[in-house]
Amino acid sequence: MKTLMMISFYLMSATLFLGDGLKTDTLELTLEGVWELENQQLYEDGMLSETISNENGYRQVKMYSKGKVMWTRNDPTDSNEWFGYGTYTVADGVLEERLEYASGPMMKIVDTTQVFRFELLLGAKSYQQIRIDKDGERSQGESYIRLE
């Protein structure tokens, strides 16, 4: 009886410390869904230097569905409209977004940068996209939480 209790205790402890009991081989991580920006990060020499929280009603939401991406931003301190629509792919830890059309201020950026490429760190309920500069160093990141 004591041995059975010890085995049970060991299995419960292992489950608590090593995982949530889900079979990770059947857990599919996907970008499909609705995500909200939690914060932004700035990097210096490839190292995280600052995390910027959303303030004063600033919100950014992204939606990914069947290879399509749409995002919108609301910043009460900015009179510009910010949104974009296009396609996306994920391969080998890289997220690529190709905007087809966007708001006026964003179209000025799209005219010079058609493909947005990020390092992707994907979890079940959060993800981070990190821009890599021309020298291969991390430069700017955004962290999102899953809404749906």
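As the structure is a prediction and not an experimental result, all values here were calculated from the model.
Atoms CH2 and NZ, from Trp35 and Lys125 in turn, are 10.5 Å apart once rounded to the nearest 0.5 Å. For the atom pair CD (Glu38) and OH (Tyr144), the distance works out to 11.5 Å, reported to the nearest 0.5 Å. The structure places CE of Met106 at 5.0 Å from CH2 of Trp71, a figure rounded to the nearest 0.5 Å. With values rounded to the nearest 0.5 angstrom, Leu122 atom CG is found 6.0 Å from Leu31 atom CG. Atoms OG1 and CG, on Thr89 and Leu120 in that order, are 10.5 Å from each other to the nearest 0.5 Å.
Proximity of Gln60 to Trp82: side-chain heavy atoms (C-beta onward) are nowhere separated by under 4.5 Å. With a 4.5 Å cut-off on side-chain heavy atoms, Tyr127 and Phe118 do not count as touching. Taking 4.5 Å as the limit, every side-chain heavy atom of Gln41 sits out of range of all side-chain heavy atoms of Arg138. For the pair Tyr58 and Gln40, the minimum side-chain heavy-atom distance is below 4.5 Å. Two residues are said to be in side-chain contact when any heavy atoms from C-beta on lie closer than 4.5 Å; Leu95 and Arg117 fail this criterion.
Using modelled atom types, no side-chain atom of Ser143 and backbone atom of Asn39 make a donor-acceptor pair closer than 3.5 Å. Between the side chain of Ser139 and the main chain of Arg131, a donor-acceptor pair closer than 3.5 Å is present. When atom types are taken as modelled, the side chain of Asp78 and the backbone of Asn80 share a donor-acceptor pair closer than 3.5 angstrom.
When all heavy atoms of Tyr64 and Val69 are compared, the pair lying nearest together is CE2-CG2, 3.4 Å. Gly46 approaches Glu137 most closely through the heavy-atom pair CA-OE1, 3.1 Å. What you find for Asp75 and Thr77 is that their closest heavy atoms are OD1-OG1, 2.6 Å. Between Pro76 and Asn56, the shortest heavy-atom distance links the atoms CG-O, 3.3 Å. Shortest non-hydrogen contact noted between Tyr43 and Gly141 is CE1-N, 4.0 Å. Across Gly67 and Glu32, no two heavy atoms sit closer than the pair N-OE2, 3.9 Å.
Counting heavy-atom neighbours within 6.0 Å of Glu81 CD, excluding the residue itself, gives a total of 12 or less. For CD of Gln140, the number of neighbouring non-hydrogen atoms (other residues, nucleotides, ligands) closer than 6.0 Å is greater than 12. At most 12 heavy atoms of other shown residues, nucleotides or ligands fall within 6.0 angstrom of atom CG in Asp45.
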- Full working for side-chain contact (heavy atoms from CB on, under 4.5 Å) between Thr87 and Lys68: CA-CA 4 Å; Thr87 60; Lys68 302 293 184 184; 3.7 Å; yes

- Message: Run the side-chain contact (heavy atoms from CB on, under 4.5 Å) test on Val115 and Glu97 for me, step by step, so that the C-alpha distance in whole Å, both residues' side-chain angles and the decisive distance to 0.1 Å come before the verdict.
- Response: CA-CA 6 Å; Val115 177; Glu97 295 179 356; over 6 Å; no

- Query: Between Asn54 and Arg59, is a side-chain contact (heavy atoms from CB on, under 4.5 Å) present by the stated rule, with each step listed?
  - Reply: CA-CA 7 Å; Asn54 299 335; Arg59 290 187 74 191; over 6 Å; no

- Please walk me through it: do Arg146 and Ser126 pass side-chain contact (heavy atoms from CB on, under 4.5 Å)? CA-CA 6 Å; Arg146 184 182 292 279; Ser126 64; over 6 Å; no

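Taken together through direct or relayed side-chain contacts under 4.5 Å among Ile, Leu, Val, Met, Phe, Trp and Tyr, Leu99 and Tyr88 form part of one hydrophobic cluster. Residues Leu37 and Phe116 are members of one and the same hydrophobic cluster, defined by side-chain heavy-atom contacts under 4.5 angstrom among Ile, Leu, Val, Met, Phe, Trp and Tyr. Taking hydrophobic clusters as Ile, Leu, Val, Met, Phe, Trp and Tyr residues chained together by side-chain heavy-atom distances below 4.5 Å, Ile145 does not share a cluster with Val61. In the hydrophobic cluster analysis, where Ile, Leu, Val, Met, Phe, Trp and Tyr join through side-chain heavy atoms closer than 4.5 angstrom, Leu48 is grouped together with Leu121.
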